[in-house]
2 protein chains.
Amino acid sequence: MKTEKNKSPYVTKQRRIILSFLEEQRGRHYSALEISDRLKERGESIGQATVYRSLEKLESEGLACRLYSGEGQPACWMLCEKDGDAGERHYHLVCRKCGGLTHIECEYLEKLAPHILAEHGFTLDPFCNVLYGLCRSCSSDE
Amino acid sequence: MKTEKNKSPYVTKQRRIILSFLEEQRGRHYSALEISDRLKERGESIGQATVYRSLEKLESEGLACRLYSGEGQPACWMLCEKDGDAGERHYHLVCRKCGGLTHIECEYLEKLAPHILAEHGFTLDPFCNVLYGLCRSCSSDE
DNA sequence: CTAAGTGCAAAATGTTTGCATACTT
DNA sequence: AAGTATGCAAACATTTTGCACTTAG
């Protein structure tokens, strides 16, 4: 259940570039377009389609994960931080108003995934969970 | 903080149609296109743009809420179930694989929103919160 | 009468796909 | 040599916008 379906991917230049970008930006999340722009800036342009395809591949290998930031906004990607279910998870709070994405870790939330699995039979994504609402500053100017 | 910005909306035929569709389907969620199709079937066609605009309006009035079902999939809409922050919330589990949307209520989750507000200064959407992962059946055939 | 809502068609956005070419193994 | 990955441009799906027209207050 660990490496069975990962038939060692081709190591292409584009894969290396994307992977090293994400590694360098560990802990941050970027949309496919942002990634492609950043790479272009540094003269390592990669075709749009390839960026999407590579990210998807990295996700299916369990190396990267995708954050659904809400309709309209593009999905964001980042490297997975820990492997398997063991490590701590982190959650993301997405502000419906400003679109801001905050990354939090706390012990209450640590128990969320085990609870959902035990009580509701649903396996939460190990790395990227998103909750929607309003961030502090947006909720004060409502 | 309750009715201040709701300047009693125009009651148009289209608004009435959409609202009564959602009322009739209380507890279920539909994408804008589904709503528009359903209405067309029963001879109450409404322009696409109007459906989107009305739903958005209902959301801003706090009558309907939008569920971000994940990239690719369209947003879904449903009538809010309770008013204000007082009532119980419910959460949605969205399966990354089959796209299924399960609706759960439980006491552990009841405490989630107060926790997030108190500890992280973030106000979760009162009605629609979505967690991503794999549902029971999809996680067993992984 | 005025402000707001409607419908259509056109644009915008993010993502995917087809296909010929190039690269990895 | 066989199997993948790439890049481009075209296709897609969902949502938004511009604008002339209608309707509610």
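Just so we're clear, the structure is a prediction, and the values are computed from it rather than from any experiment. Numbered from 1 within each chain, the chains take letters A, B, ... in sequence-line order.
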Of the candidate nucleotides C/dT6, D/dT14, C/dA9, which contains the atom at the shortest distance from the side chain of B/A49?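 Within the option list, the nearest is C/dA9.
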Just compare C/dG5, D/dT6, C/dG7 and give me whichever is closest to any side-chain atom of B/T12.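 Out of C/dG5, D/dT6, C/dG7, the nucleotide with an atom closest to B/T12's side chain is C/dG5.
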What integer distance in Å separates [X]:[atom1] from [N]:[atom2]?
X: A/I35; N: C/dG14; atom1: CD1; atom2: P; value: 14 Å
X: B/K40; N: C/dT6; atom1: NZ; atom2: C1'; value: 16 Å
X: A/I46; N: C/dA22; atom1: CD1; atom2: C1'; value: 15 Å
X: A/I18; N: D/dT6; atom1: CD1; atom2: P; value: 7 Å
X: A/E56; N: D/dT4; atom1: CD; atom2: P; value: 16 Å
X: B/E59; N: D/dT16; atom1: CD; atom2: P; value: 10 Å
X: B/R15; N: C/dA4; atom1: CZ; atom2: P; value: 14 Å
X: A/Q48; N: D/dG7; atom1: CD; atom2: C1'; value: 11 Å

Inspect the contact between A/E119 and B/R136 and indicate whether a charged nitrogen and a carboxylate oxygen are less than 4.0 angstrom apart.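 Salt bridge absent between B/R136 and A/E119.
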Lys/Arg N to Asp/Glu carboxylate O, A/R15 vs A/E61, below 4.0 Å: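 Yes, this pair counts.
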With no hydrogens and no angle check, just 3.5 Å: does a side-chain donor-acceptor pair link A/T50 and A/Q14?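 There is no such pair (donor and acceptor under 3.5 Å, judged by atom type) between the side chains of A/T50 and A/Q14.
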Flag for A/Q25-A/Y30: side-chain donor and acceptor within less than 3.5 Å: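 There is such a pair between these side chains.
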Should the ring pair A/H120 and A/H115 be called parallel, tilted or perpendicular, given that the plane angle runs from 0 to 90° and is split at 30 and 60?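 The arrangement is perpendicular - the two ring planes meet at more than 60°.
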With a cut-off of less than 4.0 Å, is there a side-chain N or O of [X] near OP1 or OP2 of [N]?
X: B/Y52; N: D/dT15; result: yes
X: B/K57; N: C/dG5; result: yes
X: B/Y10; N: C/dG5; result: no

Between A/L33 and A/R53, which residue's closest nucleotide on DNA chain C lies nearer the 5′ terminus?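 Closer to the 5' end of DNA chain C: A/L33.
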